[in-house]
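For clarity, every value in this text was computed on a predicted model and none was experimentally measured. Here is the naming used below: chain letters follow the sequence lines, and residue numbers restart at 1 for every chain.
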Amino acid sequence: MLDLKLIRDNADFVESQLARRNGDFSIRPIVEIDAKHRKAQAEWENLNRRRNEISTSFKTGKLAKEEMEALRKEASQAKEKQDAVNEERVKLEAELEQLLLGIPNLPASEVPDGKDENDNKEVSTWGTINSIKNPRHHYEIGTDLGIFDFERGVKVAESRFTVLMNWGAKFERALMNLMLDTHARKGYSEVFPPILVNRDCLVGTGQLPKFEGDYYKLADDELYLVPTAEVPVTNLYREETLDEEMLPILHCAYTPNFRREAGSAGKDTRGYIRQHQFNKVELVKFCTPETSEEEHEKLTRDAEAILEALNLPYRRVLLCSGDIGFCARKCYDLEVWFPAQGKYREISSCSNFGDFQARRAGLKYRPKDGGKARYIHTINGSGLAIGRALAAILENYQNEDGSVTVPDALVPYMGVKLIEAKQARVSV
RNA sequence: GGAGAGGUGGCUGAGUGGUCGAAAGCGGCUUCCUGCUAAGAAGUUGUACGGACAAAAUCUGUACCGAGGGUUCGAAUCCCUCCCUCUCCGCCA
């Protein structure tokens with residue numbers, strides 16, 4: 001959520017920054033309704049003051065009967081008028097809130113202008129792309145090795161659900177542990193949050209109200225399945241004022257993630273790249289405005305460290321103003337190399353939200369010098385998407401005989417160095 | 001899920017219609033006293049939003065006793081709905 005004062009006082013600036021994004025975001029209605037709302041509030045307060053005066057004169061006592069009756073009547077009428085004003089005020093307030101929640105964050109100045117992903121800027125690349133003769137797709141390799149069972153995933157749930165069998169299940173668990181262990185060593189404290197969250201959480205991190213249809217919602221309870229650990233972890237401190245000494249707070253969290261993938265019909269229909277349910281380790285930071293820039297860079301490096309540990313070629317991309325997420329002021333995507341597709345695919349998204357989420361979620365901190373509470377800055381990034389990491393490993397570590405070499409960093413977690421084509425079973 | 005109890009300031013806890021932004025204690029802050037420490041004395045002590053001021057300090061208005069609604073000239077206090085916590089019962093990994 002943007003600062004209403006900023007919108008009120010610098011409407012032109014805000015509008016010009018929003019224009020860099022993809023989409024049409026007008027703040028003029030907000031400015032208008034804000035003015036009306038403040039007028040209504042002033043009127044309501046004046047009426048209220050009069051009512052307070054009247055009731056005070058009652059408690060001081062010693063009023064003639066007629067006088068009391070007259071005042072009682074006046075107060076009743078004031079109340080009626082006040083109720084009418086208030087009805088309008090509440091309506092305006094709700095309208096203002098809804099409009100405000102629908103306005104995205106302003107892109108940071110260093111974010112390049114652009115329309116879509118074609119205008120994103122490659123910042124760096126890492127690793128060497130091995131030349132593989134006739135590279136096979138991860139889903140072909142995985143199916144042959146008995147790692148993925150796509151058909152039974154559909155039988156048990158529906159399309160875009162996959163069963164991980166045997167080494168697949170173990171691979172997923174090994175990746176999760178490698179990631180969490182690595183991040184823990186860098187100072188991230190591990191969290192295992194609820195996977196169902198209430199509506200306030202989704203509003204707090206910016207998924208709602210704008211993207212209502214994108215998430216799974218329970219029929220009988222006001223609860224949603226988390227689309228990312230970002231939601232429960234960021235909301236851990238919702239409506240709290242933390243001491244500056246506590247910052248920065250670094251958390252890492254594994255959760256399954258659930259997304260309806262509305263609007264991506266036909267995209268990545270084959271394979272394990274786009275699922276309704278997928279595993280992910282997420283990194284979340286809470287810090288002061290002064291350090292958020294630096295913490296964002298460090299967090300991105302921490303996500304990259306996993307790709308480097310797995311020796312997967314990747315590149316870092318700075319998203320342009322048209323491709324950046326709703327809440328983000330700046331975002332790096334990490335893209336891993338998929339040999340069979342012959343291109344880089346997103347495996348992590350590391351965003352700096354500034355105080356945008358903090359305003360929605362009421363995340364504040366009290367400065368050391370004891371001044372007024374200020375909004376925290378939030379940062380998060382995938383570290384990494386586990387399913388896509390598995391898919392990338394299968395493709396990048398495939399051998400001609402159909403076996404897959406286990407990346408060195410995963411050997412301690414897997415217990416084997418090679419997934420052999422013939423005996424695709426977890427040996428205990 | 002059923003029955004009962006309860007949700008008050010940073011914390012403990014009083015308050016059953018006006019004198020309550022709210023007693024008292026603890027904690028915090030300031031000052032004084034004491035050779036240091038310990039102890040003691042006095043004072044002070046919430047948040048949010050709006051207005052005044054060029055701005056800060058400050059002054060001022062309004063709201064806030066779990067949330068929302070109602071009764072009343074007036075609600076922490078009475079009524080209704082919801083949420084949460086605790087105890088007992090039931091169920092359960």
Would you classify A/K39 as touching base, sugar-phosphate or nothing, given that sugar-phosphate means primed atoms plus P, OP1 and OP2, and contacts are heavy atoms under 4.0 Å?
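Here A/K39 touches no strand at all.
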Look at [X] together with [Y] and state whether they make a salt bridge at an N to O cut-off of under 4.0 Å.
X	Y	value
A/R20	A/E15	no
A/R28	A/D12	yes
A/E212	A/K217	no
A/R316	A/E304	yes
A/R359	A/D355	yes

Separation of the [atom1] atoms in [N] and [M], to the nearest angstrom:
N	M	atom1	value
B/rG15	B/rA24	C1'	11 Å
B/rA22	B/rU45	C1'	14 Å
B/rU77	B/rU19	C1'	15 Å
B/rG74	B/rC20	C1'	13 Å
B/rA14	B/rG66	P	14 Å
B/rC64	B/rA76	C1'	11 Å
B/rU47	B/rA57	P	13 Å
B/rA56	B/rA52	P	12 Å

Watson-Crick and G-U pairing of RNA chain B written in dot-bracket, each distance under 3.5 angstrom, with | for inter-strand partners:
((((((((.[[[..)..(.....]]]((((((.......))))))(((((((.....))))))).[[[[[..)....]]]]])))))))....
Note, [X] side chain near [Y] side chain (heavy atom, < 4.5 Å):
X	Y	value
A/L164	A/F148	yes
A/F58	A/R72	yes
A/N257	A/N279	no

Which letter, B, S or -, goes with each nucleotide of nucleotides 61-77 of chain B from 5' to 3', with contact meaning a protein heavy atom under 4.0 Å?
BSS--------BBS---
Distance check needed: [N] [atom2] versus [X] [atom1], whole Å only.
X	N	atom1	atom2	result
A/L223	B/rC84	CG	C1'	14 Å
A/R366	B/rU45	CZ	C1'	13 Å
A/E97	B/rC49	CD	C1'	14 Å
A/R38	B/rC49	CZ	P	13 Å
A/D9	B/rA55	CG	P	12 Å
A/D34	B/rC49	CG	P	13 Å
A/E240	B/rU47	CD	C1'	16 Å
A/D220	B/rG1	CG	C1'	15 Å

For A/E87, I'd like to know if atom CD has over 12 heavy atoms of other residues, nucleotides or ligands within 6.0 Å.
no
Got a donor-acceptor contact below 3.5 angstrom from the A/R21 side chain to the A/G325 backbone?
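At least one qualifying donor-acceptor pair exists.
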